[in-house]
Structure formats: C-alpha cells, structure tokens
Amino acid sequence: MRKFINEPRQVARETLEGFLAVYGDRFTQVPGSLAVAKRIPADKVAIVSGGGSGHEPVWLEYIGPGFADAVCQGDIFAAPAPRSIVRAAKAVERGRGILFVYGNYSGDRLNFDLAAEELQAEGHEVLTVRVADDVAAAPPERANDRRGIAGGFFVSKIAGAASEVGLDLKSVQELATLAADRTRSMGVASAGGTIPGTEEPTFVLPDGKMEIGMGMHGEAGVRRADMATADETVDQMVRLIMGDRSLSPDEKACVLVNGLGATTRAELLIIARRTARVLDQAGIRIHDLQVGDFATSQEMHGFSISVFGLTPELQKLYDAPGRTSFFSGANRH
Amino acid sequence: MRKFINEPRQVARETLEGFLAVYGDRFTQVPGSLAVAKRIPADKVAIVSGGGSGHEPVWLEYIGPGFADAVCQGDIFAAPAPRSIVRAAKAVERGRGILFVYGNYSGDRLNFDLAAEELQAEGHEVLTVRVADDVAAAPPERANDRRGIAGGFFVSKIAGAASEVGLDLKSVQELATLAADRTRSMGVASAGGTIPGTEEPTFVLPDGKMEIGMGMHGEAGVRRADMATADETVDQMVRLIMGDRSLSPDEKACVLVNGLGATTRAELLIIARRTARVLDQAGIRIHDLQVGDFATSQEMHGFSISVFGLTPELQKLYDAPGRTSFFSGANRH
Amino acid sequence: MDRMTADDVRSMMIAVADRIIASEQLLTKADRDIGDGDHGLGMTRGFTAVRELLLENTYDDVQSVLAGVGDTLITSMGGASGVVFGLLFRAGAQGLLPSDVLTVPIAADHFERSTREISRRGGATIGDKTMLDALHPAVESLRRSSEAGDTLAYAFRGAAIAAGEGTDRSKDLVARFGKAMTLGERSLGFPDAGAVSTTIIFTAMAEWITANNEHPTTSAQGEV
Amino acid sequence: MDRMTADDVRSMMIAVADRIIASEQLLTKADRDIGDGDHGLGMTRGFTAVRELLLENTYDDVQSVLAGVGDTLITSMGGASGVVFGLLFRAGAQGLLPSDVLTVPIAADHFERSTREISRRGGATIGDKTMLDALHPAVESLRRSSEAGDTLAYAFRGAAIAAGEGTDRSKDLVARFGKAMTLGERSLGFPDAGAVSTTIIFTAMAEWITANNEHPTTSAQGEV
Ligand SMILES: Nc1ncnc2c1ncn2[C@@H]1O[C@H](COP(=O)(O)OP(=O)(O)O)[C@@H](O)[C@H]1O
Ligand SMILES: Nc1ncnc2c1ncn2[C@@H]1O[C@H](COP(=O)(O)OP(=O)(O)O)[C@@H](O)[C@H]1O
Ligand SMILES: [Mg+2]
Ligand SMILES: [Mg+2]
Ligand SMILES: [Mg+2]
Ligand SMILES: [Mg+2]
C-alpha cells in the first residue's frame, strides 16, 4: 500500500468527511448516504449529480452556486445505490422538479433509473441528462453507448446556470441536453491508477506505449500506440474530436484540458498550449480554456481534451456566475 | 518516456507558453526570460517571486491580484539566472521598490542575491524574504538553513496583500517576514517523481516505506519509516510541526494540505479531515483550510501540511481579496 | 429434496454470501482484466450486508428471503452489479404470490422473471458479454428441469453447470456492453466478471442443496 | 609551456565544455544520489552556451575569456551551480588587470580569488560537501606550483589530481549544505556532484594543456 489512506473500504466515506471538513460552511451531509447538499438551496429546479467515487473532483465537488445542488457518491468506481440518490434528491427538491446529470455508464443508468422511479412514485418530477462525450467509446451511430468523461463539466455548468436563472425543469433539461450534445472529449493515458485496497493498477501498458481514447476507469480506447510527443498526441486527439463533430465557422468553443491524476501541471499547460494553437489554426474561436484536474481516475497518468461548442444562449449560461472547489470562472473571454 | 511533453529541455519554456495560452488576458511574458508579469501593475511595491520550475503551480502561478506581480521560472529544479530575475523585476517596478519572495535554497539565494545587487547598482530598492518553513530540514537553532516548501503560499498571500494595500517596501517585507516566521510545514512521500528528460525517479523508496520530512526535490527528511495509515501519518506530522512552533491559545491558524503531484484528491481530503480533527482536538482554531496541489514535485506521491499562525493584522491581510489560478479565497471563516 | 423452506433458502443464501466473499480476489481480477476492477469489492460489500441481514432475520416465505437479499444488494452495493444482482433476487420475487417453499418450478419462474427484468432495465441480451450469458443458460436449464420434474439438487447442479459453460463461452464474445465495450477484440479470451459471479452463485446454491439433501430439518419442515 | 595566449585559453575552455557535455549522465546521477538530479542538465546547458560563445568570438586577453565563460554560465544555467561555476571563471577575472597570457601564478591568483568569492556568496567552506572540497585543494596545488615555478601542464595536472582527491574525500563528509543537507549520515559514500564537475573541469584543462604543450601556434604566440 503506497496510498495515504486508512481502511480502504472507508475511502469514499472519509473523502466526503474531508470535503465537509474543508467546505462544511457551504454544504451539509445528507444523512444515510454518501451525499452532500447545498445548505440553503433556492426555490429552483434541483440539480442532482453523482456516480462512482475515485474520480475526484467528480462528482463530489461538482456542487456549488451555479452547479449541482446535491451530489451523491458511490463507492470507488461504483455508481451510488438508488436509496442514496433518492435521499440526496429529496434533500434539495423544492417543488420545481429534479434533474439528474450523470455519466452514461450501465451502473449509473441502472441505479439512477431505479431512483427516478421511486421519486416519481412519490410524486416528484424527475428528468435525466446523461453525459456521453467520449468519442473513443463508440462510433457516431452508436453515440448513445458512449461513456461520460471530463466533458460532464460543461453539462454541469450549463445545467446549474439554467436552473439558477429560474427556468423550469423541462427547459433546464433541454439546455443541459443541448450542452451534452455539443460536447466531445477524448482521453489518452500512459499509466494506470490503483483502486485503494487492491494492489495492482487497473491496467498495465508496455513501456513506451499509450492508449488513445482511454476511459476514466482504465477502459480501452480506440488503439494502443507508441508514446508520441505532447504536440503530436494533441494534434491526433483534436483531429479525432473535430472529426466527430466539427464546429461551424461562427461557433465559439469552450475547451477543457483535464488531467487524469498523476499528470503534472506542466504537462497539462504544455498540452493546453498546443490545443489552443491547433484550434486557433483551424479558425476556431476559443471562448474559454480550462486546465486542471476536473475528472480523474486515481493517479492515472494521462489527460483528456473536451470541446464544447457554444450557442449564444449557452454562452450566456457558461459566463453566468458559478463556483466549485476547482472552478471559479472563465479564464478567457 | 511516459510524460506527455515535447523536447525535455523545452519543458519550462513551453509550460510558460501554456500558462499564457490560458491566462494571457491577465499576464504577459517578460521578453528574454522565463518570466511572467501582470499586465497593468499598480503603483505599489513590486512583489517578485521565482525559483526552479517543475513544482507547478510554484512559482509560475503565484501571480495575480493580491499575489506576486512578476514571477520568474528557472529550468527544472534550477533557480532562475540573475539576468532573468532582473528583467522580471524591472517589468513591474514602479518606483516603490522590489520585494523578492522565494524559497530558501542555495541556488535561489545565489541567483536572487546577484540580481538584487545588479538592481541596486541601478538605483532600485530591493529587499528579500526567504521562505524556510520545512521543519524537517534542520533543527530550530539552524532555522535559517531550512528549505522552503508549500508554506510559501502563506508568505506570498501576505506579501501580495500587504503590497496591494499600499504599504511601503519595508513594511511589506516586515509583514511577509512575520508570515514566514509563523509558518511551519512538513512533507512526507512514498514515491518519487521524474525530471523530464531523465529516465529515473529522483529517489526510490523500498516498497511499503515512506520518507517523513521529504523535501520538494526528493531531498531526504527526518527519517524513513514503514508506511502507516493516513491518520497515523497526519498525527505524527502535526506533532512535529506543533513541536517546532506551538500556537498560543488565542492564535488562529491557516492550514494547507498540499499534494506533491500524484496524490489523489481523495487522499488529500482524507488527510485534511484528520488534520482538521487533530488541530481541533488540540484546541486550535482553524481560520482557513486549503487543500490542493499548491507546490508539487513532478508526480511525487506524498503531501505536506503547513500551519500558519495568524495575528489580527495578518488575518486581515489573509482575508483580503487575492486570486491565482489555483486559489480564489478562503474556504472557511 | 423437492422443496426447500424459507429457512432453507435463508441458509442457502448465507452459504452463497460466504462463497462470494471468499471469491473477492478472483472477481476483482476478472473485472480488472476487461473492466474497472471493482467487481470483487462491490460483491463483497453487497453479500456482507446480505449475510448480516439473513443472520438477523427469520422468514415465513421464500419470496421475502429472495426479495430481502435483492433489496439489500441494491441498497448496499451500488455499481452495475448492485442493481443487476439485486434484480436477480428481487425482480423474480415481485408480483409472485408468497410461497412457503421453493420448488424447481418456482425457482425457474423466479429466475426467468429476473432475467427478463435485468434485460429490460439494462438493455443487454445474451451475447453482449454480461452476466446474462451465464444467467440465460442457467435459467433454461432450470426450465428444462422443471418440465422434467427433476429434484432441486439435480436442477441447481444443472443450472450451475450451464452457467459455467455460459461463462466459458463469454470468453469468445466481443464485449458490446459496459466498461469492456471499447476493448473490442481485446476482450476476447477473458470471461465476463458478472458471469463468473453468476456461476459462483448457482454453484454455491447447488452445493448447499446437495449437501443438505437428506437433512432431517429440511425434510421435517418440508412436508407440505 | 609556461604561458598560454587568450586564444589558447579559449580553445582549452572549448575542450572543457565538450568534456562536461559528455559527462551529463554521470553528473546527473551524482546529483540524483544525494541531490535533486538536475546538475547534469544544468552544466550541459551552461557549457553548451559557453561553447557557442567561444566558437563565435575572439579574445585579446585571458580575463575576457574567463569572465565571458563565467558570465555565460551565470546567465544561461541558473541553479546553484550556475552561480558557483560562473563565479569560478568570472570572479577571479574581475578586478584583475587584463593579461594577454595565462601563467601559473595568474591561474593560481584567479582561482584563489574565485574560491573566496564562492565562499563569501554561498556561505559554504571546505568540509561542507560542496564543490569547494574539490576546488580548495586544486587551488592550493596551483599556489604551490606557482611558488615552485612549475610548468602550466605540471601545475594543472597537479590541480586536477588534488581536485579528484578532494572529491574522493567528499564521500566521507556529511553534507551540511544544499539539497543533501538533510540526508545526514545517508550522504556518506557519495561524492558531491559539484566536486565531480570541478574535477572534470580541471582534468580537461590539464589534458588540453598537456596535449598542446609543444603546439607550434602556442609557442609562436606565447613568446612574450
Ligand atoms: N446492462 C447490464 N446488463 C447485465 N449485466 C450487466 C450490465 N452492465 C453490467 N453488467 C454486469 O455487471 C458486471 C460489472 O459489475 P461491476 O464491476 O460491479 O459494475 P461496474 O461496471 O459499474 O464497475 C459486468 O461484468 C456485467 O456482468
Ligand atoms: N553554497 C554553495 N557553495 C558552493 N557550492 C555549492 C553551494 N550550493 C551548491 N553548491 C554546489 O552546487 C552543486 C549542485 O548544483 P546544482 O545541482 O546545479 O544545483 P541545485 O542544488 O540548485 O540543484 C552541489 O553539488 C555543490 O557542489
Ligand atoms: Mg465500477
Ligand atoms: Mg536544482
Ligand atoms: Mg466493475
Ligand atoms: Mg541539483
């Protein structure tokens, strides 16, 4: 064991306690679940997110003004159980309905769907937006099978902002769905992380190799390739992203360069530099460029690039105030 | 090579270009050096920081409103050369003098001192504050030999805030020195990082061992020990920190739990949870608790804890507005 | 043995729980090969809770035991397998009239209904390299045994064997579902982790029934 | 050879630069053992710049060559060794009257003054496990050679040997300075990386002088 943890099975719970030790002034734990809710949620559509833990700040820290109202963690890499989700949702529901925002994984779908049915049976309105931004996960004609990775940030930002301005559930869902539809991501990794309590990394790559299209749990991508330079790797990824959904000439984009855990800040900045450059060269106007660990996979060594094509309405929502522990506003305008 | 970089020798330069690609609206490169300056520095004492790169966000990203006015990077783990420092300082000096804030390492001292002499020879006023917060580096009677680690964050925050309110050079230096004197840190690590371009990690620990008191370049600490739980490790570190400088009963503290690179956010939150708990139990009032990668050593796996004892004046400065790419204000009050 | 009491089912499920818990490493490894490596942790978490539940409660009807097991798995596990294995025990019990014994026809009905619900909710069918590739043949075997009037021991042994064979066949399937999906060809040669769990569950049930076949309590309480 | 022209010194320093650049791995390893592992990178960076400088320029006096080398190191390297090795070449040249030849007494003066300045600025003295543990004995050897009237080749060979011995002795020192400081006892057995560099520098100088001892150009230009 080389991780600084206590009992491996308590990692998710203690992580949440740590989050509250730091941000407890703003948030409160939902009793009987690994969920956190805003202290005083306003009279608005309740945004509830969640998923397996081990991807911090996803989803635990996607809460805050202009972001989720409650977040619900599962155990490491395991979707939360329906009962926890129901409790989290009820803690913030104020009669305007509930929007679930989560990543498109079998486990999350199964659990959130059960929770939705339970809530609906009790008379709550529930709608769902699933993030499926990973272009490496399936071809365009099977886009519904794609998994959700770091691009969920943009969907959360839009859902939170839309709810904050007082829109109704249907409209918030539509805007968040629009954001999800206009977001594409792609990951790459050269070394895996380890689930606390297990001794071996989730995957092992031969020395000098990288997996292009790596998922956030170490799931395989489109292909295994020789390790290339950062610039070459970025060029390839941007090509694949833009090949999947090209931006129209008048469309502005928000871009996220996300570290998967052990990637150094220097690498991320070098990657951001190239990403900005190739997009600029392709004539794409970058409205905002975010760089950091927004969605990790333990100490995986790798990164993802997400591109979110704006509409004027989405841009207004993106620029609206919003804050989490890892985000405090746009870097560029 | 498993890092996502281009030419290893260009890492520092390209990192800086990446920083400007993201934050170029706010900052500008200083020609002829790996330095960045605020776009419109106000008429105030100029705070200039710098040091070896490879510790991002240190020092490159310690710039911003309420923080440094210019920062100057050296190559990886190597202090910047005097000429670069001089250029960075001149880019932001506005007749109110220059305060150097940097970590207490032989290389930094030698280079900043040469720079200071050169600036003084040209008629500029220059004073210096060296951060020497690592209690593991030397016993209290040789506190001047201690190296600077993550606690430099507090010194930067205070220096920046003091300069922002318009104090003169001497006063800013005194307050920053006071902050440095009241800050103590301690690091621990279980696996080393790798300098880009070299193939081997800076240090290798036998499996199941950790180094208590690990420095930010992989320098040895007080002792090598068996890997313990997060809670036991925190308890030990807090004991060593408080043994070096205990807080008086009416003193409030700011606390920083810092990741060294590959440490997961979950681990840091678990560590923060315990740190808050033991300090609370010791009757110490935590004014603010920060958690994140504030000072790294490539993808080293480990963390440090820093404790900064406030005075009422320092508290006012700590709470004054201040923002960097990785900090946007206190988490608790 | 043609019928088991609710208490037999309870004892059997404790044995199943023990066996799953003992298989944690194996399941973790299976999920790491082509998934995300948490299956062993999750199943152990779920069946530890099941164990506690069953040790603390008594039951009058079979459906309450199975639904209780299913509910506990759904509530305590999370993950895909929390719902999938929860439904395996819960879905078949819902809407069926409570019965104080478990017979082969009832077992066949239960697991058939569960299978349908898992497919309906999860969207996967046989051949997608999920636990359904073990469950489907097991249920078919139970159905055949039901029609043939086999004993419980014989029926569950057959189901366990069918599950095992299905798991083996899953090695030759390219994953079209879950976290192994994008592996494509690279998922070949590895069985699905949930299928491995399914086989362990049916095997543990078959072994418990076989071992307790002539058990006096069973026969005594079993006389309906 | 009793004297070297400025151009000889220039050629010699190019040879020194080549030697340091070729030693990058060795220096990196030495610094990784008890430091932060960047010494090889830094020295290579510095001496690559020195090489360019010297290949592009001609010099009339020895001090300009040495000061130019030192300035370039200070400007291009950064790190502790940027200043320390920069001062090694620059500090001795500052305040000395320019001379068109290098003799043993001038060399002894130069490096003695450099040593003092390195100590003054860096705060370290002999025994602290820094490059001073190689430099000090080298300078003492040069001073003795100067008093004995030795040839340049003999003097620099002696200095190189003394530097090497000092480097060897540094293995037995507990670091009291720089990044190895906190290693304490654990720094025993490893030489200081900067001392290794110092030895390489003096050895390369000695070898160049020896190899070019009877060089016609040298003697032709050397008649003062
Ligand atoms: N939609 C589905 N239908 C049936 N079984 C599924 C489905 N999704 C996943 N599974 C089963 O769950 C197993 C994975 O369980 P687990 O590792 O706990 O979940 P997760 O994929 O969330 O990590 C798979 O091996 C597969 O057998
Ligand atoms: N104060 C000092 N005085 C003399 N030499 C020093 C001093 N500090 C460091 N050095 C020398 O510099 C060498 C380290 O150089 P380098 O690795 O480039 O610097 P850094 O310590 O900044 O990484 C040490 O091995 C030592 O010989
Ligand atoms: Mg999982
Ligand atoms: Mg260094
Ligand atoms: Mg799994
Ligand atoms: Mg070094």
Side-chain angles (χ1 to χ4, degrees), chain A residues 1-7 11-12 14-25 53-54 56-57 61 188 190-191 193 196 207-208 210 227 229-231 233 261-273 276-277 289-291 293 296 298-299 301-303 323 325 328 331-333, chain B residues 1-7 11-12 14-25 53-54 56-57 61 188 190-191 193 196 207-208 227 229-231 233 261-273 276-277 289-291 293 296 298-299 301-303 323 325-326 328 331-333:
Chain A
M1 188 192 73
R2 49 170 228 109
K3 288 205 175 167
F4 292 97
I5 56 171
N6 299 303
E7 176 52 46
V11 163
E14 293 184 355
T15 300
L16 187 134
E17 288 173 7
F19 182 76
L20 289 169
V22 181
Y23 305 101
D25 289 359
S53 59
E56 289 73 17
E61 303 181 55
V188 64
S190 66
D207 229 31
M210 60 179 171
M227 195 78 192
T229 64
D231 286 0
T233 309
T263 322
T264 59
R265 177 94 182 148
E267 287 169 280
L268 295 181
L269 290 171
I270 290 172
I271 289 155
R273 154 189 170 279
R277 200 165 289 180
L289 175 54
Q290 291 286 324
V291 182
D293 286 2
T296 67
Q298 296 296 313
E299 67 283 1
H301 185 252
F303 65 96
R323 182 171 174 181
S325 62
S328 58
N331 289 321
R332 334 206 281 184
H333 285 287
Chain B
M1 188 192 74
R2 50 171 228 109
K3 290 207 174 164
F4 292 97
I5 56 170
N6 299 303
E7 175 53 44
V11 163
E14 293 184 355
T15 300
L16 186 134
E17 288 172 6
F19 181 77
L20 289 170
V22 181
Y23 305 100
D25 289 0
S53 59
E56 290 73 18
E61 304 181 54
V188 65
S190 68
D207 230 30
M227 195 77 193
T229 65
D231 286 1
T233 309
T263 322
T264 59
R265 178 93 181 149
E267 288 169 279
L268 295 181
L269 289 171
I270 289 172
I271 289 156
R273 156 190 167 278
R277 198 165 290 180
L289 175 54
Q290 291 286 323
V291 182
D293 286 3
T296 66
Q298 295 296 314
E299 67 285 357
H301 185 252
F303 65 96
R323 181 171 176 183
S325 62
F326 58 93
S328 59
N331 289 320
R332 329 207 285 183
H333 284 288

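So you know, we letter chains A, B, ... as the sequences are listed, proteins then strands, and number each from 1.
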Task: Heavy-atom closest contact (Ala21(B) atom, Leu289(A) atom, distance) - done: O-CD2, 3.8 Å
Task: Per-residue contact mode, Ser190(A) against chain B (heavy atom under 4.5 angstrom) - done: both
TODO: Only counting residues at least two apart or in another chain, list the ones meeting side chain to side chain contact (heavy atoms under 4.5 Å, CB included) with Thr263(A).
DONE: Glu267(A), Leu268(A), His301(A)
- [ ] Grab the two heavy atoms, one from Ala272(A) and one from Val22(B), that are nearest each other, plus how far apart they are.
- [x] CB-CG2, 4.0 Å
Task: Heavy-atom pair with the smallest gap, counting every atom of Glu17(B) and Arg277(A) - done: OE1-NH2, 3.7 Å
- [ ] Would you check if Phe19(B) and Arg273(A) make a side-chain contact, meaning some heavy-atom pair closer than 4.5 Å?
- [x] no
Task: Contacting region of Ser53(A) [heavy-atom separation from chain B under 4.5 Å] - done: neither
Open item on the list: Taking the side chain as everything from C-beta on, heavy atoms only, tell me whether Arg265(A) gets closer than 4.5 Å to Phe326(B).
Closed with: no
- [ ] Could you grab the distance from atom CZ of Arg2(B) to atom CE of Met210(A), nearest 0.5 Å is fine?
- [x] 13.5 Å
Task: Side chain, backbone, both or neither of Gln290(A) within contact of chain B (heavy atoms, under 4.5 Å) - done: neither
TODO: Go through the atoms of Glu61(B) and report whether side chain, backbone, both or neither lie under 4.5 Å from a heavy atom of chain A.
DONE: side chain
Open item on the list: What part of Thr296(B) gets within 4.5 angstrom of chain A, counting heavy atoms only: side chain, backbone, both, or neither?
Closed with: neither
Task: Which atoms of Ile271(A) approach chain B - backbone, side chain, both or neither, heavy atom under 4.5 Å - done: side chain
Open item on the list: Shorter than 4.5 Å, heavy atoms on both sides: which option in Thr233(B), Thr264(B), Ile270(B) has the most such pairs with chain A?
Closed with: Ile270(B)
Task: Qualifying residue for side-chain contact (heavy atoms from CB on, under 4.5 Å) with Leu269(B), from Leu20(A), Val11(A), Thr15(A) - done: Thr15(A)
Open item on the list: Is it the case that the side chain of Asn6(A) and the backbone of Asp231(B) share a donor-acceptor pair, with hydrogens and angles ignored and the cut-off at 3.5 Å?
Closed with: yes
TODO: Measure Ala276(A) against the heavy atoms of chain B and call it side chain, backbone, both or neither at under 4.5 Å.
DONE: side chain
TODO: Tell me, out of Glu299(B), Glu56(B), Glu14(B), who's got the most heavy-atom pairs with chain A below 4.5 Å.
DONE: Glu14(B)
